[in-house]
Amino acid sequence: MGWLITKYLITATIVVAVSEIAKKSDKLGALIVALPLVTILAMIWLHVERQPMEKIANHAWYTFWYVVPTLPMFLLFPMLLQKFGFWLSLIISAVITVICFWLFALVVKSFGVDLLP
């Protein structure tokens, strides 16, 4: 149980620190958030918990493929924000991301990459 609490504290500390940095600097906050910190932490936790290398490698592999269809959201959200406000823009962006993911999953499946669970 202590290990789980340690993981929560370290992960939460990073998320809170990044949100505080983003308050002071848009660019630095975005740069730090763009780094795959959560993925790196997840891979560290998997390694420390002695998960098989194949599981860690699969985590990195699928993370790459799952990131690609989420990228349009970061271009659309700022434009939507000007017209619809925060919450509606967030909802529209999330729906668009789901659609992009579904379409992307269909396309890459023809190349042998199966993203759907």
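Remember, it's a predicted structure, so these values are computed and weren't measured experimentally. Numbers here are sequence positions counted from 1.
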Throw together a table of side-chain donor-acceptor distances under 3.5 angstrom for residues 2-21, partners on residues two or more places apart or in other chains.
unit_1: W3; atom_1: NE1; unit_2: E49; atom_2: OE2; d: 2.7
unit_1: T6; atom_1: OG1; unit_2: G2; atom_2: O; d: 2.9
unit_1: K7; atom_1: NZ; unit_2: E49; atom_2: OE2; d: 2.6
unit_1: T11; atom_1: OG1; unit_2: K7; atom_2: O; d: 2.8
unit_1: T13; atom_1: OG1; unit_2: L9; atom_2: O; d: 2.6
unit_1: S19; atom_1: OG; unit_2: V16; atom_2: O; d: 2.8
unit_1: E20; atom_1: OE1; unit_2: K23; atom_2: NZ; d: 3.4
unit_1: E20; atom_1: OE2; unit_2: K23; atom_2: NZ; d: 2.9

With a 3.5 Å cut-off and sequence neighbours excluded, list the donor-acceptor pairs that the side chains of residues 64-72 form with protein atoms.
unit_1: Y66; atom_1: OH; unit_2: L115; atom_2: O; d: 2.7
unit_1: T70; atom_1: OG1; unit_2: V67; atom_2: O; d: 2.6

Return a table of donor-acceptor pairs under 3.5 angstrom between the side chains of residues 97-110 and protein atoms on other chains or two or more places apart.
unit_1: T97; atom_1: OG1; unit_2: S93; atom_2: O; d: 2.8
unit_1: S110; atom_1: OG; unit_2: V107; atom_2: O; d: 2.6

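With rounding to the nearest 0.5 angstrom, the CG atom of L46 is 6.5 Å from the NE2 atom of H59. A distance of 10.0 Å separates CG in L80 from CE in M73, rounded to the nearest 0.5 Å. Between L88 atom CG and L81 atom CG the span is 10.5 Å, to the nearest 0.5 Å.
Listed by chain and residue number, nothing satisfies the ring pair (Phe, Tyr, Trp, His ring centres under 6.0 Å) test with W87 (two or more places apart in sequence, or in another chain). Residues satisfying the side-chain contact (heavy atoms from CB on, under 4.5 Å) criterion with H47, sequence neighbours excluded, are M53, I56.
Taking Ile, Leu, Val, Met, Phe, Trp and Tyr as members and joining any whose side-chain heavy atoms lie under 4.5 Å apart, directly or through other members, V38 forms no hydrophobic cluster with any other residue.
Each salt bridge (charged side-chain N to carboxylate O under 4.0 Å, His left out) pair with one or both residues in residues 50-77, not counting sequence neighbours, would appear here, but there are none.
The number of heavy atoms from other shown groups lying within 6.0 Å of CZ (F111) does not exceed 12.
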**Request:** Test I92 against F77 for side-chain contact (heavy atoms from CB on, under 4.5 Å), laying out the working first.
**Result:** CA-CA 8 Å; I92 294 168; F77 181 76; over 6 Å; no
